[in-house]
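Below is one structure, written out as structure tokens, with a few remarks after it.
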Amino acid sequence: MAAEHRKPVEPDAAPLVEHHAAHHAAPPEADAAGGGGDGGDQPDPNRWKALVICLLGGGIVLLDVSIVNVALQSISTGLPGATPEAVQWILSGYALSFGLLLVPGGRLGDATGRRRMFVVGVGLFTLASALCGFAPNGIVLVLARLVQGLAGGLLTPQVTALIQQLFRGKERGTAFGLFGATVGIATAIGPLVGGLLITAFGTENGWRFVFFVNLPVGLVTILLAFRYLPGASRAERGRKHDFDPVGIVLLGAAVVALLLPFVQSQEWKGNTKWWLVVVAVVLAVLFVLWERRYGRTKEPVIDLGLFRRRSFSLGVGLATLYFAGFTPLFFVLTLALQSGLHYSALLAGLSSVSFAVGSGIASTIGGRIVHRFGRQLIVIGTILVLIGLGAVVWVVANHYRSDLGWWLVVPLLVAGIGSGLTISPNQTLTLSEVPVEQGGSAGGLIQVGARVGSAIGIAAVGSVFYSVLANSKGDYTQGLPLGLGVSLGFVGAALLAGIVDVVVGKVRGTEATV
């Protein structure tokens, strides 16, 4: 769709939510003092350097989502007290605590200063990484991973909010494209980095360096953040904010109740765990009712008016569905390569390199052209992901041999290109009409959707994968294709959401744009 046929909405000029717009109105002097991008005529001269710092901080958090997968076997053999339950919590504890602080962390950044919360998040993450690396037993490692996840949840929404603050128009698309490239590369390259470290330092203690690698990156990021990230203006520092503690508690409890049965689906036997989903729904309803009441006179933790914007509500839903299909790919593929074909941690990690390359390149391109094509670009991206995942299923079903990794190069490259054209453009379009001063909490909501989707996807795909393996006496040629078939279903649902938005936008003349 040609750019000249649309009337793009300037993100920073988007109308604020009506019932408490006064709370969010940024004073004119904020731009001059606070550093750029949120409405001033002159953009922040350090914005690209600031972006590199944001990507460093966000990158180590995302890397730790997948880097630990290939280290689990090393942890099990090299760490006292690393029981199967503890190993499971090393993964699920991080996911739970990460999701818990995403929205409150974004709200804190919006209210008290994004640079401050960014530095606190990186510092806490670096400290927790050191504790993980020096952990003497499984219990300490689990606790350190919980702290690491909390730090990640505090840090991540600051990244999207700072991009929203520092960049405008086409530049914002480019910046989110680079962030999307970081998401795709960090997720896909994690197993490779973990494999390299375990190979270099040995199976017994190699897992410790999976955490130690965060220390130099974290320290450098903190030092550079003070130099290049914009601080809060005098007006912002003097402004009083409502922190809505009841809303934060209700939302946090709802997120944990929803995530827990999914991240513990394999370890927590029986069906009683699924009652927590009902509890999560009840808590979510109470949260919405409270926010409506609280928002009449004060600042709620989430402005529910955001969901009246189709670009935002549909973008969060699309992210949830897409991550439900995208994330389990590396989970089950790494298991099949290491446990089924006895690949080393390094070889298993190498299998995902083509995905990382395709995702990185396509994300950068997608960020540059999203202003021309809107959500049509996401439709193209999800179609490519479906083609790539479908090819992976076919290859595994028909060529499950020792050279499987080579056969997966092209299908994963295609899926990676599609992923790059999906994640960063969706992030850009979803936040396109969100006022800058709400960027942290809005970005946190997108990440909550992604984390919830990831947990649901891994649980659903893992359930089918393990069930088929048990019934077929360990036949990965049956378990892996059927498990990935569930991933295909989630990505197909994300594609449908994108198509619906494109069609509705054309009918109403309100296509999502930058």
Side-chain angles (χ1 to χ4, degrees), residues 1-16 24-26 28 30-32 34-55 58 110 114 157-183 228-230 233 306 309-312 314-315 318-319 362-378 380-381 420-440 442-443 446 501-502 505 509-514:
M1 177 173 55
E4 61 268 18
H5 293 304
R6 294 178 288 102
K7 295 181 179 179
V9 177
E10 174 54 58
D12 303 308
L16 305 184
H24 296 300
D31 293 324
D38 55 348
D41 292 331
Q42 297 300 320
D44 191 318
N46 290 323
R47 62 193 183 281
W48 294 107
K49 294 175 182 177
L51 177 64
V52 172
I53 298 159
C54 288
L55 298 185
D110 291 342
R114 288 154 188 163
Q158 314 312 327
V159 176
T160 54
L162 282 165
I163 293 174
Q164 186 85 342
Q165 173 184 335
L166 291 168
F167 296 93
R168 301 178 65 184
K170 295 179 182 179
E171 279 195 350
R172 185 179 289 174
T174 300
F176 273 123
L178 293 170
F179 177 63
T182 304
V183 172
Y228 293 114
L229 293 187
S233 68
L306 288 172
R309 304 173 190 271
R310 193 181 81 247
S311 61
F312 182 80
L314 194 136
L318 194 148
S363 290
T364 305
I365 295 171
R368 292 177 179 272
I369 63 175
V370 64
H371 68 281
R372 292 177 56 195
F373 298 100
R375 211 171 288 278
Q376 294 175 80
L377 188 64
I378 298 172
I380 294 170
L421 296 179
T422 301
I423 294 176
S424 62
N426 185 59
Q427 185 99 24
T428 306
L429 293 171
T430 302
L431 293 176
S432 63
E433 294 182 295
V434 173
V436 170
E437 55 272 20
Q438 294 178 270
I446 299 174
D501 186 50
V502 170
T510 57
E511 294 95 336
T513 184
V514 179

At their closest point, which heavy atom of S424 faces which heavy atom of G367, and how far apart are they? OG-N, 4.2 Å
For G440 and R114, work out which heavy atoms get closest and say how close. N-NH2, 4.1 Å
Measure across A50 and L166 and return the closest heavy-atom pair with its distance rounded to 0.1 Å. CB-CD1, 3.7 Å
Can you check whether L429 reaches S311 side chain to side chain, under 4.5 Å on heavy atoms? no
Using the test side chain to side chain contact (heavy atoms under 4.5 Å, CB included), find all partners of P157 that sit at least two apart in sequence or belong to another chain. L102
What's the shortest heavy-atom distance between G381 and L421, and which atoms? CA-CB, 3.8 Å
dist I378:CD1 -> T430:OG1 (nearest 0.5 Å) comes out at 6.5 Å
Just by distance, do the side chain of R375 and the backbone of N426 share a donor-acceptor pair under 3.5 Å? no
Does F312 have any ring-ring contact (aromatic ring centres under 6.0 Å, His included) partners at least two apart in sequence or in another chain, and if so, which? F307
When rounded to the nearest 0.5 angstrom, what is the spacing between CZ in R47 and CD in Q165? 13.0 Å
State the OG1-CD1 distance between T422 and I380, to the nearest 0.5 angstrom. 10.0 Å
Hey, does the side chain of R372 reach the backbone of I369 with a donor-acceptor pair shorter than 3.5 angstrom? no
Output yes when a side-chain donor or acceptor of Q164 lies under 3.5 Å from a complementary backbone atom of V434, and no otherwise. yes
Excluding sequence neighbours, so at least two apart, what forms side chain to side chain contact (heavy atoms under 4.5 Å, CB included) with T160? F176, F179, Q427, L431
Looking at T364 and A181, what are the two nearest heavy atoms and their distance? OG1-CB, 4.1 Å
Got a second to check how far L178's CG is from I163's CD1, nearest 0.5 Å? 8.0 Å
Residue pair V370 / P425: nearest heavy atoms and the distance that separates them: CG2-CB, 3.7 Å
Stepwise side chain to side chain contact (heavy atoms under 4.5 Å, CB included) check, F167 with T428: CA-CA 11 Å; F167 296 93; T428 306; over 6 Å; no
Would you say N46's side chain and Y228's backbone share a donor-acceptor pair under 3.5 angstrom? no
Can you confirm whether S363 sits close enough to I423 that some side-chain heavy atom of one is under 4.5 Å from a side-chain heavy atom of the other? no
